[in-house]
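Before any comments, here is the structure.
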Amino acid sequence: MAETPSVEQLLSGLNPQQRAAVTHGRGPLLIVAGAGTGKTATLVHRVAWLIAQGTEPGRILLLTFTRRAAAEMLRRADGVLREVAKTTGRGPSSRVWGGTFHAIATRLLRRHGRAIGLAEGFSVHDRGDSEDLMNVVRTGLGLAKTDRRFPKKGTCMAIYSRCVNSRSKLEPVLEKAFPWCRGWEDELKRLFDAYVDRKESLGVLDYDDLLLYWHALLGDETVGPRIREQFDCVLVDEYQDTNTLQAEIIHRLRPDGQGLTVVGDDAQSIYSFRAATVRNILDLPKRYPDTTLLTLEQNYRSREPILEAANHVIGQAKERFTKNLWSDRQGGGRPRLVACEDEDDQTAYVVRRILEHREEGIDLRRQAVLFRASHHSILLEAELTRREIPFHKYGGLKFIETAHIKDLLAFLRLAENPRDVVAGLRVLPLVPGIGPAKAHALMDMVGGSGEPFAAWKTWRPPEAARAAWPALVELMTSLAGPGKNAGLPEQVHRVRAFYSPLLEQVYDNPVPRSRDLEQLEQIASRYRGRRTMLTELTLDPPSSTQDLAGPPLLDDDYLILSTIHSAKGLEWDCVYVIHAVDGNIPSDMATGSPEEIEEELRLFYVALTRAKNWLDVCCPLRYYNYQRGTSDAHGYALPSRFISDNVAKFFDRVTPGSSLTEDDEPEKRQPPTGLTSETIRRRTKGLW
DNA sequence: CTACCGGAACTTTTT
DNA sequence: GTTCCGGTAG
């Protein structure tokens, strides 16, 4: 088969397996792509190839794990297309439907939701909002004060979510994942029923609903076929991390598998806590018997010694389908296994290595520190700040989840959807003199249409609320009514005018919080409208203030700190894995069952395979237990159980030793004999 | 009955 | 830095 020159050009630089994947026809295609095997490049080229072959960009659906990944792929696909555009005349891929399952679900539901009785203006609750609503219902049913302690709101939400996402009944879910909550079946069922009703009456969808409604939409006799016909090709990235509900959505989108491409790596499945199941990727050939399976095994990312160590780590997994990866990037040193005395030692070591590498010409942004839990980097962050080394942290508590940001957004959400109790219960108690009880009563007074907050005007506030009450009523009335069409920055500004004085009373560190709010006002102009801003912020929350401020300037350089989960799909020249001790990797919270431990092993594997050229794994052996007060709160840890003797052989063992650490703790290091400060002064004077 | 304060306990990973 | 609880004051 003779290829046209432009297509040949598009395929140049791909290896035979990648090429086969890119040019595969319409039948269902499963690409099992190991870490660093050019998975993204393959997917990008496939999108470009499909377009070059005549598929309209708007008829391609690209589902990725994060929006960041989607944007990156579309950007790169544009690049590839531009290269070949001269000869094919095909346009850019920018109209490809790309995004997360949740983001795409929102778009489709706004467009077609009417057909299944969904109001177009529905609002989306994030995890925190959902928990709050769950709590409202939980208290309403009197489950908050029972003889035995009833599961807390977060646990209730987790159980509910798992039922929805794994599409299974309550009993097995409790049995398998929440054994300590058995015995509350009846109460939980009542609670979930009430929660569902409540969402319905408020016109609110939570994360799980987005998937659930999308699924339902596809099952509808009239709309279902319309959506199916909208797309010729569906491509799914990170398929190993999809859950049962998502797999069924895919199945309903492409019932016969025609035009379906799925990419994943069962060795990198790390989201089972979110009800993801590896079975989706493993069983795809069973679901579609004519599936073509292609495997990518050549790793272009890591040097061979790093890959060898990583292969031996994942070699300990019980069930695995992908083969070992290989690389022709020979040479270079082996990865390091660093036995640190304690966390301070680890911090000093990591900082020193980072600076050494920077001296050698590796920018900070090409280096990353990875850890299991977000709080593992606290000490390091403090040290980086002290040394004025810029860094950017991914994962963990997000900007959007801080109390003051949620407060401010709650005003906007309440204006957008006056029935949103969760928003109301956040806004109202900010006024002195109004607590949960009065807030509840006030929310019951809110009307449906016309002027929703009219009843608040005649309400007689308690003495303490006299001053602030009329201002709040005026603010809300205006935001929900005539002020609705004001510019978004203007709206935020008005909320800020009302909220700022309260902020100073409620929080003891109002200054940085106030700055965050100003920032929010600044970026508000970026969004098309209030509803868009609110949904985008819940579906794609910026991970930090810096992120929110926009892409950093090209010339400023910063180190990456990230949870291993957030590091998925990314790569750096130098990777430092910290806190690689038992209890952290694997986490104590995840050692209940063999399956959980297996997932922790894969997580460790993901961390190691992020490294291109240098890899340091640090194990601080003595740690400080912050929960146990000040005296004698030290404990001892062992290196991660995943670094067995057989694995350790592939690392260089390093001991930083106290002489290499920085001079922060004088009591630890005696000055070498014979050298006194007096001699130093004398020597110094001899210098000039 | 309601609001508010202080203390205690806990904090995995994320759309 | 929260969230959850119990006690106290209005």
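In what follows, chains carry the letters A, B, and so on, assigned in the order in which the sequence lines appear, proteins first and then strands, with residues in each chain numbered from 1.
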Using whole Å, report how far CZ of Phe65(A) lies from P of dT13(B). 15 Å

Name each donor-acceptor pair under 3.5 Å that joins a side chain in residues 202-209 of chain A to protein atoms two or more places apart or in another chain, with its distance.
from      : atom 1 : to        : atom 2 : distance (Å)
Asp206(A) : OD1    : Asp208(A) : N      : 3.1
Asp206(A) : OD1    : Asp209(A) : N      : 2.8
Asp206(A) : OD2    : Tyr195(A) : OH     : 2.9
Asp206(A) : OD2    : Lys199(A) : NZ     : 3.0
Tyr207(A) : OH     : Thr538(A) : O      : 2.6
Asp208(A) : OD1    : Ser161(A) : OG     : 3.2
Asp208(A) : OD1    : Asn165(A) : ND2    : 2.9
Asp208(A) : OD2    : Ser161(A) : OG     : 2.9
Asp209(A) : OD1    : Lys199(A) : NZ     : 3.1
Asp209(A) : OD2    : Lys199(A) : NZ     : 2.8
Asp209(A) : OD2    : Asp206(A) : N      : 3.1

Sequence neighbours excluded, which residues qualify as ring-ring contact (aromatic ring centres under 6.0 Å, His included) partners of Tyr213(A)? none

Here the distance between atom P of dT11(B) and atom CD of Glu131(A), to the nearest Å, is 13 Å

Look at the side chain of Ala373(A) and decide which nucleotide, out of dG1(C), dT13(B), dT15(B), has an atom nearest to it. dT13(B)

In whole angstrom, give the distance that lies between atom CG of Leu63(A) and atom P of dT15(B). 15 Å

Atom CG of Leu603(A) to atom C1' of dT13(B): distance rounded to whole Å? 7 Å

Picking from dT2(C), dT2(B), dT15(B), the nucleotide nearest the side-chain atoms of Ala437(A) would be dT2(B)

When you measure from every atom of DNA chain B, which of residues 423-436 of chain A have a heavy atom less than 4.0 Å away? Pro432(A), Gly433(A), Ile434(A), Gly435(A), Pro436(A)

Base, sugar-phosphate alone, or nothing: which one does Arg67(A) contact when heavy atoms must sit under 4.0 Å apart? nothing

From CG of Asn243(A) across to C1' of dT14(B) the rounded distance in Å is 12 Å

Less than 3.5 Å apart, any donor N or O on the side chain of His125(A) or Asp420(A) sitting next to an acceptor on the other? yes

At under 4.0 Å between heavy atoms, what does Phe101(A) touch on the DNA or RNA strands: base, sugar-phosphate, or nothing? nothing

Distance check: side-chain N/O of Ser566(A) vs OP1/OP2 of dT14(B), anything under 4.0 Å? yes

Counting only side-chain heavy atoms from C-beta out, which of dT14(B), dT15(B), dT2(C) sits nearest to Thr100(A)? dT15(B)

Measure CZ/Phe273(A) against C1'/dT15(B) and give the value in whole Å, please. 10 Å

Checking dT13(B), dT2(B), dT15(B) against the side chain of Tyr207(A) (C-beta onward), the nearest is dT15(B)

Determine whether the aromatic ring centres of residues Tyr271(A) and His565(A) are separated by less than 6.0 angstrom. yes

Report yes or no: is the cationic atom of Arg110(A) (NZ for Lys, CZ for Arg) closer than 6.0 Å to the six-membered ring centre of Phe122(A), at no more than 45° off its axis? yes

What is the separation between atom CD1 on Ile378(A) and atom P on dC10(B), rounded to the nearest whole Å? 17 Å

Below 3.5 Å is the cut-off: list the nitrogen or oxygen pairs between protein and nucleotides 3-10 of chain C, distance only.
none

Look at all strands and tell whether Arg513(A) reaches a base, only sugar-phosphate, or nothing, counting heavy atoms closer than 4.0 Å. sugar-phosphate

Of dT14(B), dA3(B), dG1(C), the nucleotide closest to the side chain of Thr563(A) is dT14(B)

Provide, to the nearest angstrom, the distance between the NE2 atom belonging to His215(A) and the C1' atom belonging to dT15(B). 18 Å

Sorted by chain and residue number, the salt bridge (charged side-chain N to carboxylate O under 4.0 Å, His left out) partners of Arg426(A) (sequence neighbours excluded) come out as Asp407(A)

Kindly list each side-chain donor-acceptor pair under 3.5 angstrom involving residues 460-473 of chain A, sequence neighbours excluded, with atom names and distances?
from      : atom 1 : to        : atom 2 : distance (Å)
Trp469(A) : NE1    : Trp456(A) : O      : 3.2

ring-ring contact (aromatic ring centres under 6.0 Å, His included) partners of His112(A), counting only residues at least two apart: none

Sequence neighbours left out, what passes ring-ring contact (aromatic ring centres under 6.0 Å, His included) with Phe192(A)? Give chain and number order. Tyr160(A)

Applying salt bridge (charged side-chain N to carboxylate O under 4.0 Å, His left out), name anything that partners Glu187(A), two or more places apart in sequence or on another chain. none

